[in-house]
Protein chains: 2
Amino acid sequence: MSAQPKKQKKRIEEIRRIELIEAAYRIFIKDGLKGLTTTRICQEAGMSQGILTYYFKDKDEVLFEMVRHANRILMDDVVVRLRGAASRWDRIIAVIDGNFPESRFERNTANAWISFYAEAAHNERYARLQRLFYRRLHSNLASALLPAVERAAIDSFVLGFAAMLDGIWLRRGHSDADISLSQGKQLLTRYTENSLGTAIVDRLKSMPVAG
Amino acid sequence: MSAQPKKQKKRIEEIRRIELIEAAYRIFIKDGLKGLTTTRICQEAGMSQGILTYYFKDKDEVLFEMVRHANRILMDDVVVRLRGAASRWDRIIAVIDGNFPESRFERNTANAWISFYAEAAHNERYARLQRLFYRRLHSNLASALLPAVERAAIDSFVLGFAAMLDGIWLRRGHSDADISLSQGKQLLTRYTENSLGTAIVDRLKSMPVAG
DNA sequence: AGATTTTTTGTACGCTCTAACAAATTTTTA
DNA sequence: TAAAAATTTGTTAGAGCGTACAAAAAATCT
């Protein structure tokens, strides 16, 4: 067996896996975890049912990869914005804006993630992802605050920040009309300003990011 | 047909319905909506399977009544505290304390409600309940604020309040260790103080509730 | 009271959906 | 063209809901 076919095989396998993950993602956004059956995933991907367990151990593995995929889409947004941030305050705004992507802040996406949260209560793998997401948020915010705010205060601040963020998405799940993108951002920005106080906010605005 | 037997029938029917609803509630708190199968509900109630559709139209009706029952348990707490509130500020504290009942602020209960939120995305009856819950919260807070704060400001405040409240419960669903009861109350109290400002808070503290 | 009817309770079956697997078929590779 | 890989089709086993029906109990009637 030469290297060529082996590579080819690997390539096709990778392609199929990605196609299935993306198909699962589309269904996830449309109907949440509830709509995700093996049959529907394969159908959405334009393949026959049995193919799923050929490329994945089981359905759970697809869903797990799909959630990582879905999160990466959101996180890439944050990463790009963080790069463009000049001041430490801009970094916080980058986190806020990144967590409210124009094109994705809508009912279906919100509900999809809520269904993920609900599932995480019974699924340890999902729960671990959830913890990872939280640590990332904490780390992103801490990196903007750390020299100006002490650790304990940061922990408490992030706790409230995350709660407000999740709560806003939760409400968006009710209806697109209940809360708008700008209202969401405003609530989080105000929370941040109020929690930190004007003195620290002013300091953050004048502090460059380079360590 | 005399009135006596007819009355008797009504009574037994009501008893059985309540027994089933309470059984469903116990399972709901333990395992969320996911754990609620007809078989398990009847088993928990100490009855046989088929009984459920004799007293209810279908499973959905039991679940619907169960959610109302579950919400009433939480709301009674709020109502009692509201009665005991002397100042308008005390009414806000009553809403906060009532939404964090000592005995029920734990992982399982939180996750049960999250599973309800997830379901509401696809179930119009649940969605209507959700809206009702939100209106109640809005009304409770507005009745404490209305003379001192204008309508538009109240709407925005309640939006953030609800988001923070839901977000805190959501985090409690992750783990009992992530956030404590007192931390939760503190976050909401601080949010309220910061949003309204010390001037208004002071006014509310000195305003009696009697209209 | 004894028979008859109604109400209540318990059981069993059928239908649908789903995940996972196995066998058969097609396609690709050597 | 033979072997290997990729894909499809069909099967199996299990869970859950709802319904139909059987059994038991209670109420009513004569």
(Q) Nearest whole Å is fine: how far is D:dC17 P from B:L52 CG? (A) 9 Å

Q) For A:E124, what residues pass the side-chain hydrogen bond (donor to acceptor under 3.5 Å, both in side chains) criterion, not counting sequence neighbours? A) A:R131

Q) Among pairs that include at least one residue of residues 139-166 of chain A, which meet ring pair (Phe, Tyr, Trp, His ring centres under 6.0 Å), considering only residues two or more places apart or in two chains? A) A:F157-A:F161, A:F157-A:Y191

**Q.** Length of the CD1-P vector between A:I12 and C:dT28, whole Å
**A.** 8 Å

Q | Rounded distance in Å - CG (B:L20) to P (D:dC17) | A | 14 Å

Q.
Can you measure B:R17 atom CZ to C:dT9 atom P for me and round it to whole angstrom units?
A. 14 Å

(Q) Does A:Y55 reach a base, just sugar-phosphate, or nothing at all? Heavy atoms under 4.0 Å. (A) sugar-phosphate

Q.
If the threshold is 4.0 Å, N to carboxylate O, is there a salt bridge linking A:R190 and A:E193?
A. no

Are any protein N/O atoms closer than 3.5 Å to N/O atoms in nucleotides 11-16 of chain C? If there are, list each pair with its distance.
unit_1, atom_1, unit_2, atom_2, d
C:dA12, N6, B:Q49, OE1, 3.3

Q) Of the candidate nucleotides D:dA6, C:dT8, C:dA20, which contains the atom at the shortest distance from the side chain of A:Y54? A) D:dA6

Q. Could you state the CZ-C1' distance from B:F56 to D:dC17, rounded to the nearest angstrom?
A. 16 Å

Q: Write down the distance between CD1 (A:I15) and P (C:dT28), rounded to a whole number of angstrom.
A: 13 Å

Q | B:W113/B:F28 aromatic ring centres below 6.0 Å | A | yes

Q) So is A:R16 actually on top of A:Y55's ring, under 6.0 Å and inside 45° of the axis? A) no

Q | Residues touching DNA chain D, which here means a heavy atom under 4.0 Å, drawn from residues 22-42 of chain A | A | none

Q | Pairs where residues 43-60 of chain B contributes a residue and the test salt bridge (charged side-chain N to carboxylate O under 4.0 Å, His left out) is met, not counting sequence neighbours | A | B:R26-B:E44, B:K30-B:E44

Q. With sequence neighbours excluded, what pairs up with B:K34 under the side-chain contact (heavy atoms from CB on, under 4.5 Å) test?
A. A:E119, A:H122

Q | Residue B:K59, side-chain atoms from C-beta onward, closest of C:dG10, C:dA19, D:dG18 | A | D:dG18

Q.
Whether B:R17 and B:E61 form a salt bridge (side-chain N of Lys/Arg under 4.0 Å from carboxylate O of Asp/Glu) is what I want to check.
A. yes

Q.
So that I can tick it off, tell me whether B:R72 and B:D76 are bridged by a salt bridge, with the cut-off set at under 4.0 angstrom between side-chain N and carboxylate O.
A. no

**Q.** Rounded interatomic separation in angstrom, taking CG from A:D60 and C1' from C:dT18
**A.** 14 Å

